[in-house]
*Asks:* 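Sharing a structure with you now.
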Protein chains: 2
Amino acid sequence: MTSHSTARPAQRTAATGRGTRVRGTRQAEALSHVLADLPGFSSAQDIHAELRRRGERVGLTTVYRHLQVLSEDGAVDTLRDETGETLYRRCETSAHHHHVTCRSCGRSVEVEGRAVERWAERVATEAGFTDVDHTVEIFGLCPDCARERS
Amino acid sequence: MTSHSTARPAQRTAATGRGTRVRGTRQAEALSHVLADLPGFSSAQDIHAELRRRGERVGLTTVYRHLQVLSEDGAVDTLRDETGETLYRRCETSAHHHHVTCRSCGRSVEVEGRAVERWAERVATEAGFTDVDHTVEIFGLCPDCARERS
DNA sequence: ATCGGTATCGAAAACGGTTTTCAGTGGCTT
DNA sequence: AAGCCACTGAAAACCGTTTTCGATACCGAT
Ligand SMILES: [Mn+2]
Ligand SMILES: [Mn+2]
Ligand SMILES: [Zn+2]
Ligand SMILES: [Zn+2]
């Protein structure tokens, strides 16, 4: 994916004053650009490192704070890697979906499937559970990493 | 860890014909009993607390160590809750499976389903990924907790 | 421009689960 | 009895993340 997603619904900040968060500040803008460029899931610390590489001066605390808000707003997806570290990636759709993620480089593809949604709902109901929710993550080697490994 | 690459002769507990693995020590035995009694996923600290409640003197470090080994051996299942804490539960089958877990009390049911296995494999393959793996967790309210809540 | 109020920043400290360290203990074999 | 060595556990380290709190940036009002 190329950068510059432009056509973003835009957060009325400078426009209407009392704006929603994110955007508006130099730090939020810089973070937004990095997120638009990173192709896969990255840790907060990796994102912070990328900001510094670009010459942006943003505190790690600020990175964490923005990622948390973006995550709550559904603008970024999160997942935990095997070490327990939280990884972030810009979200491309507002619909419920899951990810196929490369365990080597973090690149990921958003996928959806009624099959797994139905299955989750069914087995939970059969077990007598209500208010059902689920987490599904698929990991593998992306084409590039698989090629590089052979 | 004390690896020592050489095969560990620590299998002598089995030599006494006592049964499955990890055993032999007072601590391992006590942990085994607690795991057998706990009906759902519990944190290492909860398990440690339960041991103390029963009057067993076992160090928290030892609890972590045994749980890690049991987990690697497939004798206990693990999952991470929303706070990132690792939860443990005795595993009842050696076959690949998933869990429907109560987000209120931790009680859980083991389930399996070819539908979700096939779906995961399919979407990953369609995305060009290889060496595919997946994690699936279903959460909800168990009958008891649902009743209690209304 | 100046002032004041408020949202945001960020370095440093705190937090909390987990792992590592390392001196001691105790079970087994000889 | 002696020795080997896996096992133990209190204390410290680890490390990602959150909290604290004084500093700074932003903005409207004067
Ligand atoms: Mn997404
Ligand atoms: Mn499965
Ligand atoms: Zn890759
Ligand atoms: Zn329950």
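Below, read A as the first sequence line, B as the second, and so on, with proteins coming before strands; counting in each chain starts at 1.
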*Asks:* Applying side chain to side chain contact (heavy atoms under 4.5 Å, CB included), can you list everything that pairs with A/Leu38, at least two apart in sequence or on another chain?
*Replies:* A/Val34, A/Ser42, A/Ile47
*Asks:* Using the side-chain heavy atoms of A/Gln68, tell me which of these nucleotides is nearest: D/dT18, C/dG10, D/dG9.
*Replies:* D/dT18
*Asks:* Determine which pairs satisfy salt bridge (charged side-chain N to carboxylate O under 4.0 Å, His left out) with at least one residue from residues 105-116 of chain B, sequence neighbours left out, and list them in order.
*Replies:* B/Arg107-B/Asp144
*Asks:* Residues in salt bridge (Lys or Arg N to Asp or Glu O under 4.0 Å) with B/Arg26, at least two apart?
*Replies:* none
*Asks:* Is any side-chain N or O of B/Thr25 closer than 4.0 Å to OP1 or OP2 of D/dC7?
*Replies:* no
*Asks:* With a 4.0 Å limit, can you tell me whether B/Gln45 has a side-chain N or O closer than that to the phosphate oxygens OP1/OP2 of C/dG16?
*Replies:* no
*Asks:* Using the rule given for side chain to side chain contact (heavy atoms under 4.5 Å, CB included), can you reason through A/Leu67 versus A/Thr86, listing the C-alpha separation, both sets of side-chain angles and the distance that settles it, and then say yes or no?
*Replies:* CA-CA 10 Å; A/Leu67 287 174; A/Thr86 301; over 6 Å; no
*Asks:* Show the nearest heavy-atom pair for residues A/Leu60 and A/Ala44, with the distance to one decimal.
*Replies:* CD1-O, 4.2 Å
*Asks:* Look at the side-chain N and O atoms of B/Tyr64 and state whether any lies under 4.0 Å from the OP1 or OP2 oxygen of C/dT18.
*Replies:* yes
*Asks:* Examine the side chains of A/His66 and A/Gln27 and answer whether a donor and an acceptor come within less than 3.5 Å of each other.
*Replies:* no
*Asks:* May I ask you to evaluate whether B/His66 reaches the phosphate of D/dC7, defined as a side-chain N or O under 4.0 Å from OP1 or OP2?
*Replies:* no
*Asks:* List the residues meeting salt bridge (Lys or Arg N to Asp or Glu O under 4.0 Å) with A/Arg122, not counting sequence neighbours, and say none if there are none.
*Replies:* A/Glu126
*Asks:* Which helical stems does DNA chain C take part in, if a stem means at least 3 consecutive Watson-Crick or G-U pairs with both distances below 3.5 Å?
*Replies:* C:1-30 with D:1-30
*Asks:* Just the rounded figure in Å: distance from P of C/dG17 to CD of A/Glu82.
*Replies:* 21 Å
*Asks:* Answer with yes or no whether the side chains of B/His98 and A/His134 bring together a donor and an acceptor at under 3.5 Å.
*Replies:* no
*Asks:* What are the residues of residues 53-61 of chain A, sorted by number, that bring a heavy atom to within less than 4.0 Å of DNA chain C?
*Replies:* A/Arg57, A/Val58, A/Gly59, A/Thr61
*Asks:* Without decimals, in angstroms, what is the distance between B/Glu85 CD and C/dT18 C1'?
*Replies:* 10 Å
*Asks:* Starting at atom CZ of A/Arg26, determine the distance to atom C1' of D/dC26, rounded to an integer number of angstrom.
*Replies:* 13 Å
